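Data first, discussion second: the structure below is written as structure tokens.
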Amino acid sequence: MASSEIDRVRALLASRPRPTGLAERRERLDWLGSLSTLPQDVRAEPAEAGGVPAEWTVTPGADPGRVLLFLHGGGYVSGSLASHRVMVAQAGREAGARTLALAYRLAPEHPFPAALEDALAAYSFLLASGVEPGRICLAGESAGGGLALATLVRLREAGTPMPACLWCASPWTDLAMTGASIDARDAVDPIIHRGYLEDLAAAYLNGADPGGPLVSPLHADLRDLPPTLIQVGSAETLLDDSVRLARALAAADVAVTLAVWPHMIHAWHLFHQQLREGRDSLAQAGRFVRAHTREA
């Protein structure tokens, strides 16, 4: 049975349905982030990563040489440093790492490949700053998970040293939306539905092929990518994006861990202060990052 905590999160989401306007949708996601409180021992500092606005968060005991580079969710059209700040800080605490969250450019003002260019610039910034690639975890939630995977594909193609690992939370990896769960889980996922995804994809793609490997990295050549943790909820319409990604990575001989969290909805990590499974999933991600990033 689902816990009462996830039922309360569902009720919270139902109390403020997603609006139709772009500005209002962006504000709603920031509002969801504001429901959690940044702990007093977290230090948040504005930054610029290769010309892209960003933010460092540091918790006590964080290894300064270990970095979690995080790409937020929001369907490429919303999401911000504010919306994911508390979640990212907690992920960094669990990983024993500094976090660098990226405010990549959003569609429709900046469609593909703007977000990908920004992610690549931020990774190059870390390398130029002296951070060892073997001490970096690239991470992303929802659209940010697909963006992180596309970033790795481009890094491999360019011959750039890879980060130590990849963490994807509820990743959106197929903008052609061919996964069966998009319809099969529609009645149980309170956040993501086909019509909404179609609007997001149209804004981001701006005429690009929805099956292209850099917008739908499920269909990319995934060889030689670093160890990957995929976390997804069983109640998500995007469940099949994760299940198929794990299968594709395994077929490409990539070390992959697929963790399906029963009853969890899309982006449940955002609610970790209200939801035990949110805290536990961030702890799992932290253990993964610690295990794959080298000690100094």
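We're numbering straight along the sequence, starting at 1. Just so we're clear, the structure is a prediction, and the values are computed from it rather than from any experiment.
A salt bridge is absent between Asp253 and Arg223; no separation between the charged side-chain nitrogens and carboxylate oxygens falls under 4.0 Å. Using a 4.0 Å cut-off between charged nitrogen and carboxylate oxygen, Arg105 and Glu117 count as a salt-bridge pair. In summary, Arg154 and Glu157 engage in a salt bridge, as defined by a charged side-chain N under 4.0 Å from a carboxylate O. For the pair Arg276 and Glu5, the salt-bridge criterion is not met [side-chain N within less than 4.0 Å of a carboxylate O]. With respect to Asp224 and Arg156, no salt bridge is recorded, no charged nitrogen being found less than 4.0 Å from a carboxylate O. Comment: Arg18 does not engage Glu27 in a salt bridge, judged by the lack of any side-chain N to carboxylate O separation of less than 4.0 angstrom.
Checked options Leu275, Leu29, Val86, Leu35; the residue passing with Leu270 is Leu29 (criterion: side-chain contact (heavy atoms from CB on, under 4.5 Å)).
Contact annotation: the side chain of Thr237 never approaches that of Arg194 to less than 4.5 Å [non-hydrogen atoms, C-beta and beyond]. No side-chain heavy atom of Glu55 sits less than 4.5 Å from a side-chain heavy atom of Pro46. Residues Gln273 and Thr37 are in side-chain contact: their nearest non-hydrogen atoms beyond the backbone lie under 4.5 Å apart. Glu94 places none of its side-chain heavy atoms less than 4.5 Å from the side chain of Gln284. Under the 4.5 Å side-chain criterion, counting only non-hydrogen atoms from C-beta, Leu152 is not in contact with Tyr123. Residues Pro108 and Leu22 form a side-chain contact, since some pair of their non-hydrogen atoms from C-beta on lies under 4.5 Å apart. Asp30 is not listed as a side-chain neighbour of Arg26, based on a closest heavy-atom distance of 4.5 Å or more. Proximity of Tyr204 to Val215: side-chain heavy atoms (C-beta onward) are separated by under 4.5 Å at one or more points.
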Q: Give the C-alpha distance, both sets of side-chain angles, the deciding distance and a yes or no for side chain to side chain contact (heavy atoms under 4.5 Å, CB included) between Arg247 and Leu249.
A: CA-CA 5 Å; Arg247 184 182 300 118; Leu249 287 166; over 6 Å; no
Q. How far apart are the C-alpha atoms of Leu258 and Ser242, what are their side-chain angles, what is the distance that settles it, and do they pass the side chain to side chain contact (heavy atoms under 4.5 Å, CB included) test?
A. CA-CA 8 Å; Leu258 173 65; Ser242 288; 4.2 Å; yes
Q: Evaluate the criterion side chain to side chain contact (heavy atoms under 4.5 Å, CB included) for residue pair Thr99 and Phe70; output intermediate values, then yes/no.
A: CA-CA 7 Å; Thr99 68; Phe70 187 83; 5.7 Å; no
Q.
As a quick check of understanding, evaluate side chain to side chain contact (heavy atoms under 4.5 Å, CB included) for Val153 and Asp221, giving each step before the final call.
A. CA-CA 7 Å; Val153 171; Asp221 178 356; over 6 Å; no
Q) Given the rule in the ring pair (Phe, Tyr, Trp, His ring centres under 6.0 Å) test, do His110 and Tyr104 qualify, once you have shown the distances and angles that lead to the verdict? A) CA-CA 10 Å; His110 304 284; Tyr104 58 85; over 10 Å; no
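With hydrogens and angles ignored, the 3.5 Å screen pairs no side-chain donor or acceptor of Ser216 with any backbone N or O of Pro213. With hydrogens and angles ignored, the 3.5 Å screen pairs no side-chain donor or acceptor of Ser124 with any backbone N or O of Ala121. Checking side-chain atoms of Ser170 against main-chain N and O of Val232 turns up no donor-acceptor pair under 3.5 Å. A donor-acceptor pair under 3.5 Å is absent between the side-chain atoms of Arg244 and the main chain of Thr173, judged by distance alone.
Here CG of Leu126 is found 12.5 Å from CD of Glu132. Values are rounded to the nearest 0.5 Å. Within the model, atoms OG1 of Thr160 and CG of Leu127 stand 7.5 Å from one another, a figure rounded to the nearest 0.5 Å. Atom NE2 of His84 sits about 13.0 Å away from atom CG of Leu102, to the nearest 0.5 Å. Ser181 contributes atom OG, which lies 9.0 Å from atom CG of Asp189 (distance to the nearest 0.5 angstrom). Here the CD1 atom belonging to Ile265 is positioned 4.0 Å from the CD1 atom belonging to Ile191, to the nearest 0.5 angstrom. Summarising the geometry, atom CD1 belonging to Ile136 is positioned 10.0 Å from atom CZ belonging to Arg98; distances are rounded to the nearest 0.5 Å.
For the residue pair Trp268 and Ser281, a side-chain donor N or O sits within less than 3.5 Å of a side-chain acceptor on the partner. Between the side chains of Glu236 and His266, at least one donor N or O sits under 3.5 Å from an acceptor N or O. A side-chain N or O of Gln231 and one of His269 form a donor-acceptor pair less than 3.5 Å apart. Checked by atom type, the side-chain pair Glu141/His72 shows no donor-acceptor distance below 3.5 Å. For the residue pair Asp186/His193, the side-chain donor-acceptor check at 3.5 Å is satisfied. No hydrogens or angles considered: nothing links the side chains of Thr59 and Arg43 as a donor-acceptor pair under 3.5 Å.
Annotation for Arg93: atom CZ counts as buried by contact number, over 12 foreign heavy atoms lying within 6.0 Å.
With hydrophobic clusters built from ILVMFWY side chains whose heavy atoms lie under 4.5 angstrom apart, Tyr196 shares a cluster with Leu205. Under the 4.5 Å side-chain heavy-atom criterion for Ile, Leu, Val, Met, Phe, Trp and Tyr, Val131 and Leu71 are members of the same hydrophobic cluster. No chain of hydrophobic side-chain contacts below 4.5 Å, direct or via other Ile, Leu, Val, Met, Phe, Trp or Tyr residues, connects Val42 to Leu282. In the hydrophobic clustering of ILVMFWY residues, with side-chain heavy atoms under 4.5 Å counting as a link, Leu149 and Val256 come out together. Val9 and Trp31 fall within the same hydrophobic cluster, defined by Ile, Leu, Val, Met, Phe, Trp and Tyr side-chain heavy atoms under 4.5 Å apart, directly or through other members.
The minimum heavy-atom distance linking Leu239 with Ser234 is given by the pair CD2-O, 4.0 Å. Counting all heavy atoms, side chain and backbone alike, Asp241 lies closest to Pro171 at CB-O, 3.6 Å. Between Pro217 and Gly146 the shortest heavy-atom distance is CG-O, 3.4 Å. In this structure, Ala201 and Trp172 approach most closely via the heavy-atom pair N-CH2, 3.9 Å. Here the closest heavy-atom approach between residue Ala180 and residue Asp240 is recorded as N-OD2, 3.0 Å. In plain terms, the two heavy atoms of Thr293 and Arg135 that are nearest each other are CG2-C, 3.9 Å.
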